[in-house]
Every structure is written in C-alpha cells, then in structure tokens.
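Convention: sequence-line order gives letters A, B, ...; per-chain numbering from 1.
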Amino acid sequence: MDVEQSPARTPNKKPKLAVWKFASCDGCQLSLLDCEDELLMVPELVDIAHFPEATRAKLEGPYDVSLVEGSICAPEHFELIEQIRRQSKFLVAIGACATSGGIQALKNYRDHRQFISAVYARPEYIQTLETSTPISDHVKVDFELRGCPINKQQLLSLLVALANGSLPDLPQHSVCVECKAAGVPCVLVTGQSVCLGPVTHAGCGALCPRYQRGCFGCYGPSHTPNPESMVRVLLDAGASPEEIERLASTFNVNTAGFQEMVKTTQLVQLRRADQSKYKPQG
Amino acid sequence: MARTIEVNYMARVEGEGALTIVLDEGRATDVKLSIFEPPRFFEGFLQGRSLLEAPDVTARICGICPVAYQMSACRAVEDAIGLQLPQQLVQLRRLLYCGEWIESHALHMFMLHLPDFLGYQDALSLAKDHPDQVKTGLRIKKAGNQIVETLGGREIHPINVKVGGFYRVPKEPELGALLPELRWARDAALESLTWFGTLEYPDFERDYEFVALHNGQRYPAYDGDIVSSRGLHISAREYDQHFEELHLEHSTALHSRIKGRGSYFCGPLARFNLNFEVLNADIQAACKRVHLTPPCNNPFKSLMVRAAETAQAFSDAIEIIEHYQRPPQAAVPVTTATAADCVGYGCTEAPRGILYHRYEIDAQGLIQSAKIVPPTSQNQRTIEEDLLQMGGDLSQMPHEDASWRAEQAVRNYDPCISCSTHFLKLKFEEAKA
C-alpha cells in the first residue's frame, strides 16, 4: 500500500490505538503485553487510547487504529462492532477468532454430518447466537493478523509500520515454505506425523515441525491451498478420514479452505461406507 | 438520597464482566458479579474428539493460562488410560508449569494489580515514575515466558505438550542456557516481595475456607490431593462428590461450592496458607520479614503471596534444570486405541487456583463427555461475599475511590474472566438514603 494512502497516518502525530475484545481467550491482545522488551517503547509509537486489559484510563474515539480480537458470537456484538468500525480509521482483526470465528465456530457445524448430502453447498453463516463469525463478515476489515495465537513480532511490525504510515510485508505463503526455508526435515515425508503445513498460512516460522510435530493449522488456510490434494496426501500417510476431519476442524474450522478438506474427507467416508456395505461376504 | 456509581468497563482483568453493588443505608445488601459471556461450549466441542486432542483444544479456553489447561487435561486423560509418566517427563511438565506461573503472576503483580496500590491507571504510567521496578517486573515476566517458549514452543498456546509427554524434549544446554537469568529473577522476585511488604494494604479480613492442592513434599502445582482449611482431604477422583456447581440467573458461569458448606477460596492465598511449610526456607524467611505468615485472611495481600510463589517457582525451575538429563523418550506412546471405556480425573493448580478436568472416553478413544471447572468460577461467590462485607467501607468513600477499591478487590483474585465471561460492568446502586 502506498504510504500516503495508509488510512492510519496522521502527519506528525502518533496514531491513537484502541484494543477491543469479542468472544476469545484474551491471548492475542496478551501478545502485546508479552513484548516485554518493547512494551515500554510502545507509548512512543502510539497513544494507547483504549486497552482495558492493560489500563483503567481511556480516551474517547475516533481512533486511528483499532485492534479487534475475538469473534461475533452474541447479539450485542453486532452493534458494538459497527460502533467500533465507525470510530476507527483503520481496523485490524487479530487472531483466528477475529479472522475466522475461532474454535467456537465449531458450533456452526454441529449438525454438519446430517447435512452431508449438501456437501458442496457453502454453509450459511447465520447471524444468530448459534454461530461464531469473523469480524469481516460484519464490517470492513483493513488488515488481518492470522494465528491462534498471533505472532507477537508480526503485531509489533504492524504497529511500527502503521506509526510510520505504512504496512508490514507479511508472508502469504504456506507453513511448508517456512519449513523448507528453516531446513527442517519434513515430518510428513519422514512419516513422523500428519501435517497441515502444505495448506496452512505462514506466520509461525514452522514451529511445530521444528518440535517434531505436524502443523495443526493455527494460522488457517494459506492463500492458495489445495485441500483435496492435502486430504489425499494425508490418507496416503495413513491418517483416517475421521482424523483428517478433526484436524481441519479446530481454530480455523470456519474457513473455505479447511471446510473443503472436511467435505472431501466426508465424501471419502461415505464412499468407504458404501464399499463396505456392498463388500461380498466371506 | 440514592446514588449510583457506574463504571462501564472493569479494567486490568483478563476478560470482561459486570459487577453491581446495592448499597442500602450504608451497607451492601446485594452484590452480583455477573458473568454473561456467550458460552463457548468447550465441553460440547470435546465430545467426539480424540483423547489426544484435549490438551490443544482446552488450551484455547484461556490465553493467559493455557499450560494449566494442558496440564489438567493431560493428567485427566492419563488417569483415564492408567498411564504413569516417567519422573523425567513429570519434571519437565513441572518446569513448564513454573514458567506459566511466573509469567502469569508477573503480569498480574506488575501490570494489573500493583498500579492499584500506588494509585496509577496502568503499568505504563507507573513506569514513568518507577521505571526500574516496572522493568524488573517485565524482566521477571520474560524469564518465565522464556521457560514456556523453550519447552513449549511459544508463550501462548504452547505446541509441545501431548498426552504421554512431549513432542520433543530439549537438550541439556537449551535449558541450561536459561539458568543465569532464572537465578537473577529469583532474587528479583524476593526483592519485589520485600518492596511489596512496604506498601499499604486495606484492613480487610474474612474467615474463608481455603482449598488448594497439597502433597506435603513441595509447593503444589502439578500434583497433590485436594485439601481445605476445614479438614477436606480428597483425591481429584472424589471432586464431584464434594463440590457442586450452581447455575444462577445473573451468571452464565457456574458458581462452585463445597456441598453442604458453601463458598470457598482457591488460588495463591489458599495455596500459601495450606502449603507454607514446603516453601524454601529462605522464601519462608522473606515472608516472615514482611509479616506474611499463615493464616493470612486478607485477600489484598495476595500481591505479596504471588511474589513469594514467583520466587518459589524460580527455585523449582532452577532445581529441575540443574538436575535435568534428557529423557530417552519424549513421550510414552499413546494412541486412540490405548483407551477403552474409561473415566479420568485431573486437578492441577493454575496460577489462579485449582483447575479440575474430567473426561469419559469410549472404546474408540473418543471423548464422550467432559467437565471443566476453572478457578475463577470457583472464586466467583467468594469475590461477591468480599464486596458484601466491604460495602460499609465503600459507602463511606468518595465515588471514584469506592469504584476503584471495589475493582481492586476483584483484582485480588486475578480473575481470568475469559475463562468464563466477556463484559465486566461495575455499577453501584444506593437503594435508600
């Protein structure tokens, strides 16, 4: 984005920052307080105008930058997120809850198995208490930080960039690319673990493979995932369709990329059930 | 003449909720700490999930104490399948827990609670006048986080914990590298305790029933029986026989109580009162120097207790690392096939108090039912009762001071309302003149 176009930029003035919370675990906003080395410098970058987890003091809007954590999960959230949008020049959704609906969006799919015949229909994200939805389903979001939780270095990069009228250049590729760049042996190829690295958005620095564990999708689907191919690879690696479905149904369950995986595994399950039904006896 | 004091947002707690205090003729006649978060249905999500997923799923209940959820989840699942971890892996679990206690306590002491005692809105403004103390607090916090990051992979929602142990166990030098900073931070925590001893504490005491883990050998976090100051002594398996949860109209979080007795107090003060004798000798001595000895019935002094517990957590971490030898296996192998129609119970000490998990697991290794009781819902009624008793004093105070004091009293418990709520609104009503 062109520097002059950055909506957060007010010449010669620190951006006024607000931090908001919807349904969430608090972990993403905690990431800011976990920047122990940089925290005392943050007030030099931005004016903290509203951040209830950290301060009793608050300044009225409008705000230059709003960081929004959590998903829309309750009727009162509709009005509140509209108000926040109206008061905010630049709105950033932080974390899996805010960018996809979070783990609580599992309730959106509670009866999904019963609707397996409608497997290619996109689920409707009905705006009731029965669903958990991302911020971008309700208002315009200017920037997203992925992750469950977000990467605190990415958050710092964002604040520094916004204070300077710019935006950070964050990687858009998959965890797989980060893993190769880190020189970590592939846990999928070596048969150590199933891994969502090929379809998961970068940002963690291939953390799980570095700990000899397969990626489990904290950052949600990458920009151009290939969910059907991912399912095929995982089946070949010995994972059961049920296991793959659960793997895709966690913190970013409410995303097109991971829903494609769920649907693919459900089709495989149906096909296998049919095959066993007609298997010759004896 | 009626008066209403309203603070729209309770700050410096993790999460949001509502508090209403009815003041009638100079007394508090009713206090409601309302928790009305839309439930996030974790117990529901867990149904049908693999027993192996419990630690990663339940960690997402709380970004402040994810390790506590992982520990209680692992202990409950391992109890269900009858798995005993080798001592080396138990020690690593304890080390990880030390890291979380430290970072969580340091966050609460220096960033959330301390500003109340010194009259600041937040730690950032406190840092302008007391930069060295706040920097020390942040450095203590970072030392705790470095343990969690090294062993767990990252500070929030660590990725390295699994049922049966860990995915990867660190090499000796990886942990050894932490030692110099941990030793510095241990001394810094004790110095903080001494400093906190010079602060002024509101004159407030109540006759609580304290509930904490106790194992008689070391300060409890990862293991111990559940004991109380009024004679309760049970294992985690007996929890449901002695504790019950009530669903009250004003709260979507359940209120816990001991059957037939009522509310109780869990968290740092309870642990301290029930386990003082297993604190290291020099930490006991430091407590005595600031006149902090059991039984301590003043919840405001939990600030000092957290400093003592932080020093103890550093001591334990240092000891574990000094004796660390990399285990040959990172985990005892567990698959979904390990389980067969079983029930498991786990109770560990989260930074804020006991955290109970129970899972029923079917023959396929899938969770059939889950029950999770976080510390904040256990302390909810106790917080209300504190404010009820405090009502007389509050009604004598100027408006803003009363609000602030009530907030401070809630913060004594370091409520992790995210575990159960999302909007805390503080409201006083003066019913009659």
Side-chain angles (χ1 to χ4, degrees), chain A residues 21-31 33-37 39-40 42-43 48 50-58 69-70 73-77 95-97 102-104 106-107 110 129 132 148-152 193 204 207-208 210-213 216 218 242-243 246-247 249-251, chain B residues 7 9-16 37-38 40-42 44-45 48-50 53 56-57 59-64 66 103 107 111-112 115 121-125 127 131 134-135 138-139 141-142 145 153-157 159-160 162 166-168 330 336 404 407 416-419 422-424:
Chain A
K21 175 179 156 61
F22 291 88
S24 68
C25 77
D26 252 37
C28 288
Q29 54 177 312
L30 178 71
S31 300
L33 301 181
D34 271 352
C35 298
E36 290 98 358
D37 290 337
L39 188 64
L40 297 183
V42 168
I48 297 175
H50 180 86
F51 187 6
E53 181 164 307
T55 177
R56 294 179 87 238
K58 69 175 180 183
E69 174 191 276
C73 230
E76 64 268 25
H77 289 170
C97 295
I103 192 167
Q104 55 273 20
L106 279 168
K107 67 182 174 181
R110 175 151 289 206
L129 281 166
S132 169
C148 182
I150 57 169
N151 176 329
K152 69 179 183 183
S193 173
C204 63
L207 183 60
C208 285
R210 286 196 280 118
Y211 277 75
Q212 294 164 12
R213 172 181 191 178
F216 57 112
C218 296
E242 293 81 3
E243 190 182 349
R246 287 197 298 267
L247 193 57
S249 303
T250 60
F251 329 113
Chain B
V7 179
Y9 218 103
M10 173 87 180
R12 280 190 273 120
V13 295
E14 295 101 355
E16 302 153 303
E37 169 195 338
R40 286 167 72 210
F41 297 119
F42 274 85
F45 304 153
R49 311 239 20 150
S50 156
E53 293 180 290
D56 287 321
V57 170
R60 267 65 184 184
I61 293 173
C62 180
I64 323 292
E103 66 85 14
L107 171 75
M111 314 219 59
L112 309 184
Q121 298 285 345
D122 53 53
L124 293 172
S125 51
V134 174
K135 280 179 191 162
L138 286 168
R139 194 170 156 191
K141 181 172 175 299
K142 188 178 175 185
N145 264 336
R154 63 184 172 201
E155 302 98 322
I156 300 168
H157 304 329
I159 53 88
N160 194 24
K162 72 190 286 193
F166 294 86
Y167 288 90
R168 176 188 179 275
T336 48
W404 199 327
E407 286 183 48
C416 195
I417 299 175
S418 298
C419 293
H422 283 270
F423 192 87
L424 188 50

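Only the side chain of F42(B) comes within less than 4.5 Å of a heavy atom in chain A; its backbone stays farther off. The parts of S31(A) that come within reach of chain B are both its backbone and its side chain, each placing non-hydrogen atoms under 4.5 angstrom from that chain. At a 4.5 Å heavy-atom cutoff, C28(A) makes no contact with chain B through either its backbone or its side chain. Interface residue P149(A): backbone and side-chain heavy atoms are both found under 4.5 Å from chain B.
L39(A) and L138(B) make their closest contact through CD2-CD2, 3.9 Å (heavy atoms, listed as atom of the first residue, atom of the second, distance). Shown here for L40(A) and A127(B), the closest heavy-atom pair between the two residues is CD2-CB, 3.8 Å. Between Y211(A) and Y167(B), the shortest heavy-atom contact is O-CB, 3.3 Å.
Rounding to the nearest 0.5 Å places CZ of R210(A) at 8.5 Å from CD1 of I159(B). Within the model, atoms CD of Q29(A) and CD1 of I156(B) stand 10.0 Å from one another, a figure rounded to the nearest 0.5 Å. Note: N145(B) CG to E36(A) CD = 5.0 Å, rounded to the nearest 0.5 Å. Atom-to-atom distance recorded for E103(B):CD and L33(A):CG is 10.5 Å, nearest 0.5 angstrom.
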Q | Residue pair R56(A), W404(B): steps toward the side-chain contact (heavy atoms from CB on, under 4.5 Å) verdict | A | CA-CA 9 Å; R56(A) 294 179 87 238; W404(B) 199 327; 3.1 Å; yes
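At distances below 3.5 Å, not a single donor-acceptor pair connects side-chain atoms of R60(B) with backbone N or O atoms of I103(A). With hydrogens and angles ignored, the 3.5 Å screen pairs a side-chain donor or acceptor of R49(B) with a backbone N or O of R246(A).
Legend: residues meeting side-chain hydrogen bond (donor to acceptor under 3.5 Å, both in side chains) with K142(B), ordered by chain and number and at least two apart, are D37(A). Residues passing the salt bridge (Lys or Arg N to Asp or Glu O under 4.0 Å) test with E243(A), sequence neighbours excluded: none.
Counting only heavy atoms from C-beta outward, the side chains of T55(A) and L124(B) never approach each other to under 4.5 Å. For the pair I48(A) and D122(B), the minimum side-chain heavy-atom distance is 4.5 Å or more.
Ranked by heavy-atom pairs under 4.5 Å with chain A, the first of E155(B), R154(B), K162(B) is R154(B).
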